[in-house]
There are 2 protein chains.
Amino acid sequence: MENRSSKKRSAIVETGWRLLSYHGTERISVEEICREAGVSKMTFYKYFANKQAMIGAILKDLLQTMDARIDAIRKSDLPYQEKIKAFIRLKMEQAAPLGWRLHKEFRECPGHKWLDEIKAWNDKVIRGFLDDVKEKIAAGEIRTNVNPETFLYIVERMTDWAADERFVGRYVTVEAMASEVLNFLFYGFLGQGAVKWL
Amino acid sequence: MENRSSKKRSAIVETGWRLLSYHGTERISVEEICREAGVSKMTFYKYFANKQAMIGAILKDLLQTMDARIDAIRKSDLPYQEKIKAFIRLKMEQAAPLGWRLHKEFRECPGHKWLDEIKAWNDKVIRGFLDDVKEKIAAGEIRTNVNPETFLYIVERMTDWAADERFVGRYVTVEAMASEVLNFLFYGFLGQGAVKWL
DNA sequence: TTTAATATATACGATAATCGTACGTTAAAT
DNA sequence: ATTTAACGTACGATTATCGTATATATTAAA
């Protein structure tokens, strides 16, 4: 049956996602995926009707996973600071994962099949997070040396960075990138202490 | 003759670079380049022996251009800050010029033909600036907890904010905005000193 | 203007990649 | 032992790609 937890299927999904996020939807082939995943083509067609179906399944899984992670953060009893960090990290780890490559492809091909779904999901994530932050700032539970509006704007812009190849391309892992951004967001470029330029 | 300024050749180089920087060296074909450039294959092979030769020529041209720009900055008698700005601009505008895509490909394929050349070039561009910054950091004149390259990127992005009315519109004066941005840039979201979360 | 040289386009054969499937094989469940 | 699910091999059909041989147009020289 369509055993969703088959090892072979997992291998296909994993390899498929890797190649997909790197090369886009057009420049990959099922043969390549099978080759790299160590799976025969017949097995591939056992689980997926074709490449398109596989992509759809992968994206669907991805969005589901992300939703679950978001809910987990929301429901958790982490201190609010940690929640914010978790959100930002999630957003960055996902925006890249969703793939700058795919973002671009989707953007460039308007009538794209999964465009709306992804956009909707994206909005959902951002709005949910920003609304929470706004609320806390308005309630005075968060104090910052920066105007709240400025903060919100910056956070919004930062999510763009994660889809910018010039930025993402410098980091080996998404974790490293997210960590760096968080570090900057909270503490700025300069460490505390005397600072001189020239 | 191998007219280096032929229109057709330019079209090939231009399109070739676009596709190359986007899809990498492996996932493009000369037929595709010719198709997109509006050039016949025969013309392609008039100017280049094959795809590899074309890539080599493109990269060579690119590096030469970049070298010239770097030297121009170095030789200029601009004040130090202006030189830094120029470097930032060079690095950000053109300078992922090699394209994150190629950087990654080269990084992942050690025995790559142009790896050394490109690495050397990259060092020349980045080191020139970053070494200066790092020097200042080491000398205690600048202290930072953020990767200098990240800093470069962020600075560049901040210049975008200044052109975004959603951002500018919040401030009565330009000074207020600059102050806010600098405050954020230097100290991050959290001010040093008494900052409470929750 | 005629002629030679050069630039560009078309057509081609050879090879390889890709798709989706028919069929055979293993391994486990009944 | 027999059925059934999972998986691999081999296949035909189609398409892409390479590099070249040949044909045409354009330009420069005589």
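Just so it is clear, the model here is predicted, and its values are computed rather than measured. Every chain is numbered from 1 and lettered A, B, ... according to where its sequence line falls, protein lines coming before strand lines.
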Checking [X] now: which residues fulfil side chain to side chain donor-acceptor pair (under 3.5 Å) with it, not counting sequence neighbours?
X: B/K41; answer: B/E31
X: A/E14; answer: none
X: B/Q64; answer: none
X: A/S40; answer: A/T43

Check your understanding: Do the non-hydrogen side-chain atoms of B/N50 and B/V30 ever get within less than 4.5 Å of each other?
Key ->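 When only atoms from C-beta onward are counted, B/V30 and B/N50 do not touch, as no gap falls below 4.5 Å.
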
Pick out the pairs of N or O atoms, protein on one side and nucleotides 16-18 of chain D on the other, that lie under 3.5 Å.
from   : atom 1 : to    : atom 2 : distance (Å)
D/dT17 : OP2    : B/R35 : NH2    : 3.2
D/dC18 : OP1    : B/V30 : N      : 3.4
D/dC18 : OP2    : B/V30 : N      : 3.0
D/dC18 : OP2    : B/E31 : N      : 3.2
D/dC18 : N4     : B/K41 : NZ     : 3.3

For the pair made of [atom1] in [X] and [atom2] in [N], what is the distance, rounded to whole Å?
X: A/R27; N: C/dT18; atom1: CZ; atom2: P; answer: 13 Å
X: B/F48; N: D/dG19; atom1: CZ; atom2: P; answer: 14 Å
X: B/Y47; N: D/dG19; atom1: OH; atom2: C1'; answer: 18 Å

Review point. Sequence neighbours excluded, which residues qualify as salt bridge (charged side-chain N to carboxylate O under 4.0 Å, His left out) partners of A/R35?
Key: none

Find every protein N or O atom lying less than 3.5 Å from an N or O atom of nucleotides 23-29 of chain C, and list the pairs.
none

Practice item. Just jot down the side chain to side chain contact (heavy atoms under 4.5 Å, CB included) partners of B/L19, sequence neighbours excluded, or say none. Key: B/T15, B/H23, B/I28, B/E32, B/I33, B/E36

Exercise for review: Would you please confirm or rule out a distance under 4.0 Å between OP1 or OP2 of D/dG8 and any side-chain N or O of A/K46?
Suggested key: no

Review point. Under 4.0 Å between a side-chain N or O of A/T43 and OP1 or OP2 of D/dG8?
Key: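 Yes, such a contact exists.
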
Exercise for review: Apply ring pair (Phe, Tyr, Trp, His ring centres under 6.0 Å) to B/F48 and list each qualifying residue two or more places apart in sequence or on a separate chain.
Suggested key: B/F44

